[in-house]
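Here the structure comes first, spelled out in structure tokens, and everything after it is commentary.
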There are 2 protein chains.
Amino acid sequence: MPYDPSAFPPFAVTVDLVVLTVRRHALCALVVRRGESPYQGRWALPGGFVRIEEDLGAAAARELTEETGLHVQGPDDRHTGAHLEQLATYGDPGRDPRMRVVSVAHLVLAPDLPTPTAGGDADSVRWAPVDSLLPPGQPCGDGPDRSGGQPDPLAFDHSRILADGVERARSKIEYSSLATAFCPPEFTVGELRRVYEAVWGVALDPRNFHRKVTGTPGFLVPTGGTTTRQGGRPAQLFRAGGATVLNPPMLRPDV
Amino acid sequence: MPYDPSAFPPFAVTVDLVVLTVRRHALCALVVRRGESPYQGRWALPGGFVRIEEDLGAAAARELTEETGLHVQGPDDRHTGAHLEQLATYGDPGRDPRMRVVSVAHLVLAPDLPTPTAGGDADSVRWAPVDSLLPPGQPCGDGPDRSGGQPDPLAFDHSRILADGVERARSKIEYSSLATAFCPPEFTVGELRRVYEAVWGVALDPRNFHRKVTGTPGFLVPTGGTTTRQGGRPAQLFRAGGATVLNPPMLRPDV
DNA sequence: ACAAAAGTGTTGGATTTACACCCATGA
DNA sequence: TCATGGGTGTAAATCCAACACTTTTGT
């Protein structure tokens, strides 16, 4: 290794955030409008520089709070706040025209909440349906190229990061209890089902879904309360149980 | 964001490699002996600095070749070389006492091959069974605890990186065709089964395993040849098929 | 009464498991 | 001939998809 560590090449390290929620039966991502060049005026994922004495996860949590007011769920704290996990790292030379930037992308799953107001400016941040941000039929698909090429709506390589985050969310709710991170602290089986339907983009049988989730040990614990906020017969309320991995997993149709 | 991009904090960016193979019915990882401080003389994962005009994956492939002579499987090239994918990024301040280093770990799955000879020194690189490198009974939580609490055998935070890589490999062979990356270009069903048994640390029924893998579309394609290198009745030889995702998945017992 | 959503029962088909049994080779 | 690993058949248990049907509310 003919490489001198004391002369290591300097990189800028940032975190980018794929913040997902389910609103009005659609999977949505948080995007912010860029105020500066490059890509001025374009939408981008929230993010920023990692500070020199700051852990990567801490930087992601800080940026999340700064840009959305959301807080991250502590390890002890059972479901007050959002789920955060590292997604992947993007370091292509030239992904930022200004300098060599390595970005550690993180994935955040948040319950539906009032439209966030950024640190200062209000209409420079919004929830956008992922279908409107991503080329259609992309993620699961493997086939040849389709969608004859509208302009990429997101700055930098953020479309790819978003696609990776959406794909991660789609597969993780299959074998983990993470779908509850999209729900308020107390929720019904029907609300949880609508999360799965929105994230996967499929319709699920309500009867079989109910049996499945209530029969998976540790997934849901009843609170005793009921609600009629969805109309119809009152539904039991549940909280997320202690299980993190689902056994048996939820089965996504076809694929 | 009161942050001046022109004064971004400088980071060193490295790649670390979790290189796994199956030898003598055990899952093994590649480790190198450190020649310099800190952790001088201790075993560590191979890795090195990312060059200033180099993509992250390219840096990982370069380090792999430099330290082991292994080559990475091209996207077109069907199974000549190893599988490489990004694993996760580790950037805790203080993980390297010399400076702020963010390391993008990569996972490599390689077939069993003659003991690698590093760029120069021969006995400073070796295959070590992961059971001997990791705290006992940790991930899969199978056997009783063995080797009660020696000091951490790997430098830096490499034990954690290795554990994450092993866990990724264990779960990925379940729903992808990646187990074939541990096999030579042509292999038998029994050899593939021994890969699963070594990685998962379980015994599988040979009859049901055979039916399952040969019945999963796109997983294996017969070459027409046979071999008796395992003894007993001649076994058909197979190559990896085009499928990357396994449907239905292989099922890991209990869990 | 009616619509809407929650939940339970049942049934046929698919999948999984466990294991009996046969096949083809080397020693 | 025996030991060894390769491979097929089969039956019980289990799981899952589909859907008929009942329950409990709001209007």
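First the proteins, then the strands, lettered A, B, ... as listed; each starts at 1.
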B:Val189 side chain: which of D:dC19, C:dC19, D:dG7 is closest?
D:dG7

Figure out the CG/P separation between A:Asp205 and D:dC21, and round it to whole Å.
16 Å

In whole Å, I'd like the distance from the CD atom of B:Gln230 to the P atom of D:dG7.
11 Å

Please check if any side-chain donor atom of B:Asn247 sits under 3.5 Å from a side-chain acceptor atom of B:Tyr175, or the reverse.
no

In sequence, state the C-alpha distance, the side-chain angles, and the governing distance for B:Phe238 and B:Phe187, and then conclude on ring pair (Phe, Tyr, Trp, His ring centres under 6.0 Å).
CA-CA 5 Å; B:Phe238 293 87; B:Phe187 54 89; 7.1 Å; no

What is the distance, to the nearest angstrom, from the CD atom on A:Gln236 to the C1' atom on C:dT8?
13 Å

Measure the distance from CG on B:Asn208 to C1' on D:dT10 and round it to the nearest whole Å.
12 Å

Rounded distance (Å) that lies between atom C1' of D:dA18 and atom CG of A:Leu204
14 Å

Rounded distance (Å) that lies between atom P of D:dG5 and atom CG of B:Leu192
17 Å

Rounded to whole Å, CZ of B:Arg211 lies from C1' of D:dG6 at a distance of 13 Å

Nearest of C:dA18, C:dA6, D:dA17 to any side-chain atom of A:Leu251?
D:dA17

Protein-to-nucleotide contact annotation, 5' to 3' order, nucleotides 22-27 of chain C [B base; S sugar-phosphate only; - none; under 4.0 Å, heavy atom]:
-BBB--

Distance criterion of 3.5 Å, no angle test: do you see the side chain of B:Arg229 paired donor-to-acceptor with the base of D:dG5?
no

With a 4.5 Å limit on heavy-atom distance, are the side chains of A:His83 and A:Leu178 in contact?
yes

State whether a side-chain donor-acceptor pair under 3.5 Å links B:Asp164 with B:Tyr90.
yes

Taken to the nearest whole Å, CZ/B:Phe209 to C1'/C:dC19 is 19 Å

Is the side chain of B:Ser132 donor-acceptor paired with the backbone N or O of B:Pro129 at a distance under 3.5 Å, no angle test?
yes

A:Thr188 side chain to A:Ala235 main-chain N or O, any donor-acceptor pair under 3.5 Å?
no

N/O donor-acceptor pair under 3.5 Å between B:Gln236 side chain and B:Gly225 backbone:
no

OP1, OP2 of D:dG6 versus side-chain N and O of B:Arg194: anything below 4.0 Å?
yes

Phosphate oxygens OP1/OP2 of C:dA20: is one of them under 4.0 Å from a side-chain N or O of B:Arg207?
no

Ignoring the backbone of A:Lys212, work out which of C:dT16, D:dC16, D:dA18 is nearest its side chain.
D:dC16

Respond yes when some side-chain nitrogen or oxygen of B:His210 is under 4.0 Å from OP1 or OP2 of D:dG7, and no when none is.
yes

